[in-house]
Amino acid sequence: MSDQLTPLPAGAVELSGYLGDPVESSIAHWNKGVVPYAGFVQMFRSGRGVFAEGEMWGKAVRSGCMFYRYTHDPELKQILKATVADLLSTRRSNGSISCSKVEAQPDGPGGDLWERTYVLLALDEYYRQVEADPVVLKAMVDEADCTLNQVGPPPKAPIVDQGWSSTHLESSTILEPILRLYTITGYTRYLEFAHYIVEVAGGAKGYNIFEQAYQDQDPEKIGGSYPKAYEMMSLFEGLVEYFRATGDERWKIATLNLYRKIRDQEITIVGNGGGDVPCHPELRGECWDYTAREQTNPSIKRMMETCAGVTWLKLCSQVLRLTGDPTAVDEIERYAYNGLLGAMKPGGDGFSYVNLLNGVKTNPVGWGGTVSGIDVTCCNLNGPMGLAYLPFVAAMNSNEGPVINLYNRMEVSAASPGGQKVGIRVLSDYPRSGSVTLTTTIERPERFAIKLRIPAWSAATHLFVNGEEIPAAPATYAVSERLWRTGDVVQLELDMRCRVVNAPHGSDRAGDNYQALVRGPVVLARDENTDPDFDRAVKLVSKDGFVDAEPIQPSLPSTRLEFKVPVSGGSIQVVDYSSVDSWKGKRVMTWLPIAAQ
């Protein structure tokens, strides 16, 4: 099945400024910096220390390959080439790349299939983005075929008996790389194995989670006592690939049902979800928990795992490609500017495991360990993948012409329906302001459409093409179909008024006591680093749901945005949530307590 939108080729988008700087910092200080690639490979020789530890190599290399797609950095390519060669040298006698000895395979409690998922995903990205090396493809085929020989219908080991969790949901996520390998090789045995995972095994022990999603059940109810956010969305990324391979509309419907339910029931103001209260206190804030309505609940101690946020971003990109729905980009943008940047270490060398909205924002404590002297968790491995996806989704192509999704300053090289190269320069200081100018370059005039996303939050947008205003409604693509020439100018003015957001009412009704501020895509918060009264209750001075947010010089060099906001009796200063540095224990107040009348 064909998608409505398609990614641009490698190297076709170059970000700078607000989003470009964090991307470059992560590449320099994480993927080309402290990542202990050799230590990760050693696990495949001598065994894992804790369950599923073999995932680490695949996660690091997967983001590195996506970053290489963006930069074509020769130094990064050499790092990736060397570690892939190192990994391939660990192949076992049965063709597997596994942390478990052949006689112990498939190693369910050890997380063997989950580790193989990430080996395959990383090798797939390497083969597609870095170098189409037949040796790498052969290793992928051997890894997949070993898995097919060991796992499946009787007398093989059932896939829903493999894994460490109560429902073994995580093992079925191998669906995605198996189908990606099918698209490269065309080997029908991989499609047959995918059929087994989806239509026979059902994705989890005791539950057919695909059918549950098709029946539009709440995410917190899917998979029984283990509705693990990250792994569930990873599995549905595979279901998207299964739909593309089979064309069976049930699985598109199931995916879109889950997407909408997550968006409406689980995603918080900063674009991530999952929590420990009220449903799953034992699961460390990593499960669906009706987090959207519970996000102001003061009993929450852990929420919004970075792995979940990044996988939500990736699932949204799948929905965007499938449907062309611009509101999927609203979700990507919300997480990118708030939850993702807010989880990143100031030095670019890692990410928080979970985040809070009120309190100490960042928390590095979670699953992982020390490898070659470096503290590594699943989340500081997955965070860079979120950054690597930003140029992947910032601009795309459609059958009608180029599509602009994000408004960060960037250079775009797209293609016209007639096959010409279309250069689009996006000039802006977004999200500092909502003024965006796009200029076009094309060799010969050609008639086609350029689509520009109008965010759902931009209630009053003005869009001009060569001075002529065209319609621009919220939550749509504004389409300008015309004869495009070099030097054409598009001017976009987004509605950057600062919105007052009333808190949802969760199980303890705490939402009655809080409000938040959002300006454009950016969530604003009070920062204990510069504001000793950061948690004092205030009454916002607003009109028609908006407050006057006056831009001021940031108090700290690390703060991106800072504003003065009127409150009863004076004013307060607020900054972008992402800039609040909690790594030394300072706190944030995103949901502002409301002062009594």
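Between Met232 and Leu258, the closest side-chain pair of non-hydrogen atoms falls below 4.5 Å. When side chains are defined from C-beta on, Leu19 counts as touching Leu341, because their heavy atoms get closer than 4.5 Å. Between Lys32 and Asp73 the shortest side-chain heavy-atom distance falls below 4.5 Å. Side-chain contact between Thr147 and Leu120 is absent, with no heavy atoms from C-beta onward closer than 4.5 Å. A 4.5 Å side-chain heavy-atom check between Ile222 and Trp288 finds every atom pair outside the cut-off. Cys379 is listed as a side-chain neighbour of Tyr353, based on a closest heavy-atom distance under 4.5 Å. The closest side-chain heavy-atom distance from Trp30 to Val34 is below 4.5 Å. A heavy-atom distance below 4.5 Å is found between the side chains of Leu322 and Arg244.
Looking at Ser25, its side chain never comes within 3.5 Å of a backbone N or O of Pro22 through a donor-acceptor pair. Put simply, the side chain of His29 gets close to the backbone of Gly347: a donor and an acceptor are under 3.5 Å apart. Looking only at distances, a side-chain donor or acceptor of Asp107 sits under 3.5 Å from a matching main-chain atom of Gly110. A donor-acceptor pair under 3.5 Å is absent between the side-chain atoms of Asp248 and the main chain of Phe243, judged by distance alone. Put simply, the side chain of Thr377 gets close to the backbone of Asn380: a donor and an acceptor are under 3.5 Å apart. Looking only at distances, no side-chain donor or acceptor of Lys205 sits under 3.5 Å from a matching main-chain atom of Ser166. At least one donor-acceptor pair closer than 3.5 Å links the side chain of Gln295 to the backbone N or O of Ala292. In this structure a side-chain-to-backbone donor-acceptor pair under 3.5 Å is present from Asn272 to Met304.
The ring pair (Phe, Tyr, Trp, His ring centres under 6.0 Å) test with Trp312 singles out one residue from Tyr259, Tyr230, Phe236, and that residue is Tyr259. Considering His195, Lys252, Glu199 as possible partners of Tyr242, the one that fulfils the side chain to side chain donor-acceptor pair (under 3.5 Å) test is Glu199. Put simply, the residue from Glu115, Glu55, Glu53 that forms a salt bridge (charged side-chain N to carboxylate O under 4.0 Å, His left out) with Arg48 is Glu115. When the options Thr83, Leu88, Ile97, Val84 are evaluated for a side-chain contact (heavy atoms from CB on, under 4.5 Å) with Val41, the one that passes is Thr83. Of the residues listed (Leu356, Val354, Asp289, Asn363), the one engaging Met303 in a side-chain contact (heavy atoms from CB on, under 4.5 Å) is Leu356, and it is the only one. Of the residues listed (Val13, Asp3, Thr6, Leu320), the one engaging Met396 in a side-chain contact (heavy atoms from CB on, under 4.5 Å) is Leu320, and it is the only one.
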Criterion salt bridge (charged side-chain N to carboxylate O under 4.0 Å, His left out) on Asp276 and Lys301, from CA distance to verdict: CA-CA 7 Å; Asp276 57 6; Lys301 299 297 185 289; over 6 Å; no
Check against side-chain contact (heavy atoms from CB on, under 4.5 Å), Tyr118 and Arg62: CA-CA 8 Å; Tyr118 273 96; Arg62 182 178 68 159; 3.8 Å; yes
CA sep, side-chain torsions, deciding dist, call: Asp145, Tyr190, side chain to side chain donor-acceptor pair (under 3.5 Å): CA-CA 9 Å; Asp145 286 351; Tyr190 300 143; 2.8 Å; yes
Residue pair Tyr290, Ser507: steps toward the side-chain contact (heavy atoms from CB on, under 4.5 Å) verdict: CA-CA 10 Å; Tyr290 295 105; Ser507 58; over 6 Å; no
Step-by-step side-chain contact (heavy atoms from CB on, under 4.5 Å) determination, Glu170 to Lys228: CA-CA 9 Å; Glu170 64 278 358; Lys228 187 72 162 55; over 6 Å; no
Verdict with supporting geometry, Lys77 and Glu131, salt bridge (charged side-chain N to carboxylate O under 4.0 Å, His left out): CA-CA 9 Å; Lys77 180 176 182 178; Glu131 185 177 23; 5.3 Å; no
Lys138/Asp142 under salt bridge (charged side-chain N to carboxylate O under 4.0 Å, His left out): CA gap, chis, key distance, verdict: CA-CA 6 Å; Lys138 175 65 162 56; Asp142 288 348; 2.8 Å; yes
Salt bridge (charged side-chain N to carboxylate O under 4.0 Å, His left out) between Glu331 and Arg334, worked out: CA-CA 5 Å; Glu331 297 301 320; Arg334 174 160 55 161; 2.8 Å; yes
Derivation and outcome, side-chain contact (heavy atoms from CB on, under 4.5 Å), residues Thr183 and Leu179: CA-CA 6 Å; Thr183 65; Leu179 283 164; 5.7 Å; no
Stepwise side chain to side chain donor-acceptor pair (under 3.5 Å) check, Thr291 with Glu266: CA-CA 4 Å; Thr291 328; Glu266 298 292 348; 2.7 Å; yes
Side chain to side chain donor-acceptor pair (under 3.5 Å) assessment of Glu220 paired with His280: CA-CA 9 Å; Glu220 191 276 328; His280 300 285; 2.9 Å; yes
Steps toward side chain to side chain donor-acceptor pair (under 3.5 Å) verdict (Ser96, Gln105): CA-CA 9 Å; Ser96 68; Gln105 297 177 12; 3.0 Å; yes
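In this structure, Lys81 does not pair ionically with Asp133, as no charged nitrogen and carboxylate oxygen lie closer than 4.0 Å. Taking 4.0 Å as the cut-off between side-chain N and carboxylate O, Glu125 and Arg180 count as a salt-bridged pair. Under 4.0 Å is where a charged nitrogen must lie from a carboxylate oxygen, and between Glu211 and Arg250 no such pair does. Ionic pairing of Arg91 and Glu143 is not present here: no N-O contact between side-chain nitrogen and carboxylate oxygen is shorter than 4.0 angstrom. With salt bridges taken as basic N to acidic carboxylate O contacts below 4.0 Å, one links Arg116 and Asp112. A salt bridge links Asp124 with Arg128: the closest approach of a Lys/Arg side-chain nitrogen to an acidic carboxylate oxygen falls below 4.0 angstrom. Ion pair Arg260/Asp216 not flagged as a salt bridge, since none of the NZ, NE, NH1 or NH2 atoms sits closer than 4.0 Å to an Asp/Glu carboxylate oxygen.
Looking at every heavy atom in both residues, Ser352 comes nearest to Thr306 through O-OG1, 2.7 Å. The minimum heavy-atom distance linking Leu381 with Ala60 is given by the pair CD2-CB, 3.8 Å. Nearest heavy-atom pair, Ser89 versus Arg45, reported as atom, atom and distance to 0.1 Å: OG-NH2, 2.8 Å. Of all the heavy atoms in Gly203 and Leu235, the pair that sits closest is O-CD2, 4.0 Å. The shortest non-hydrogen separation linking Leu175 to Phe210 is CD2-CZ, 4.5 Å. Nearest heavy atom pair, residue Pro391 against residue Leu387, reads CD-O, 3.5 Å.
In this structure, Lys101 places its NZ atom where only 12 or fewer heavy-atom neighbours from other residues, nucleotides or ligands lie under 6.0 Å away.
Aromatic ring orientation, Phe40 versus Tyr37: perpendicular (interplanar angle above 60°, classes split at 30° and 60°).
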